[in-house]
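Below: the structure, in structure tokens.
All ligand and atom numbering here is 1-based and tracks the order in the structure. One is the number of the first residue; the rest follow in order along the sequence.
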Amino acid sequence: MTTATSDPTGEVTELLQHLIRNACVNDGSPDSGQEGRSVDVLAAYLQGAGLDLERYESISGRSSLVARIEGSDPDAPSLLLMGHTDVVPVTLENWHRDPFGGELVDGYVWGRGAVDMLNETTSMAVAFKRLAQSGFTPRGTLIYLAVADEEALGIYGAEWLLQNRPEAVKADYVITEAGGFNMPLPSRSGPKLPVMVGEKGTFWASIVVKGTPGHGSMPFRTDNALVKAANVVQRLATYRPQTQIEGIWRRFVESLDVPDSLARLLLDADSLNAFCESEATDLGLARMVNAATHNTIAPTMGHGGIKTNVIPDRVELQIDIRTLPGETDADVISMLTEAIGADLMRDIEITPRGTNTASASKIDTPLWDSLARVSSALVPAAVTVPFIMVAATDARFFRRAGSVAYGYGLFSERISFKDFGSMFHGNNERIDQESLQLSEALWEGVARDFLIG
Ligand SMILES: [Zn+2]
């Protein structure tokens, strides 16, 4: 599908290996991550290319790096390329290779962060340096941001920067993770590469289920909080939120160029749900399609009871809800009320633990056009299609600050949609060098097309 050769100079590979070995693992505690170590590596790499480099430290060890190439026309739109430097933890015994070894094996760089998203953070840095060294003089300003703390809500990274140093990072247009993987739907023309034009919101909540304590030896007709909690979990798991096929989803399906019968199926709520429930043979695809067209509810944790022989009077559940654009907190509460049912609602208390509404950017913008042009030049016959990111990224902070923000990237045929899905926060994360080279060419191409063209 591509004509690019595999990372001919090896610069992206080397930089990626270095960042993987730094193991900036973010477990959510304020002193984890320590991304300053990768900022050191990136700053050393970019030094001497005639760039303005600034580091910003939110708390000790948690710094982010900003590099910029000033534009000649203050009225021309600016572009920010943003990659995060932190990674999520690993389950060591499930890996076939050292997750922090950065080994290069058969053209793949192995390690945590290889697809989320040190591949982009490093290929953006290499593209940025090449542009600077080539004397790139854009009309609009180009900014590179290697940002801390994306994997734990951005408190010490993107959110902090926009609150405390907005002048350093604000841009009219932003590109960050993730997209560009080849969707496994049977298009009649070339590859369809998703650009994440929006992302779902999060609504995390705890549900306390109350009961009446008693002796474990006489359970008959007791008010057992654990039994009720099991019912709550069961109802949440089997509840089917309303299907929403307007907006981004409709534009996505209409741009896919799939056979008419499939397009009709994907734009009809009943047949789409039948496809997700049983007809789709690709489970990863079914989950993605379902998440892109529904609010989702995942019960994720449960704690309760005090002793084996005591009927429990209190169980606490944690739930992870993801919402589509346009959904309010009140909509979520009424969805939960319907899912759980009036009989059980009487005995529970729902407490929101953090909510973020969904965000979306316009699709028809000059940056969209640039991404489309550059992608089709790098990947023959490729067409960009709008999609919604089902997880959260730093893009939301920039959308709220008024930027148009997209999630994108490019991958070679060696990384399938299925591989991408399973490696994201999963085991045996790795990226091939052809994908790294494609990404580097993408960033360089988009900067030239968007800021000069
Ligand atoms: Zn990421």
> How about M82 and I143: do any of their side-chain heavy atoms sit closer than 4.5 Å?
Replying inline: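 Contact flag for M82/I143 side chains = no.
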> With a cut-off of 2.8 Å, which protein N/O/S atoms are close to the Zn ion (ligand 1), if we only count those under it?
Replying inline: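 Result, waters dropped: H84 NE2, D116 OD1, E177 OE1, E177 OE2.
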> Looking at D320 and R322, does any basic side-chain N land under 4.0 Å from a carboxylate oxygen?
Replying inline: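 The answer is yes: the pair qualifies as a salt bridge.
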> Should the pair D40-R55 be classified as a salt bridge under the 4.0 Å nitrogen-to-oxygen rule?
Replying inline: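 Looking at R55 together with D40, the answer is yes, because their closest N to O distance falls below 4.0 Å.
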> Would you call the rings of F411 and F181 parallel, tilted or perpendicular if under 30° counts as parallel and over 60° as perpendicular?
Replying inline: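 The rings of F411 and F181 sit tilted, inter-plane angle from 30° to 60°.
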> Do the side chain of Y144 and the main chain of T121 share a donor and acceptor less than 3.5 angstrom apart?
Replying inline: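 At least one qualifying donor-acceptor pair exists.
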> What residues form a ring-ring contact (aromatic ring centres under 6.0 Å, His included) with F252, not counting sequence neighbours?
Replying inline: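 Scan of F252 (ring-ring contact (aromatic ring centres under 6.0 Å, His included), adjacent residues dropped) gives W249, F387.
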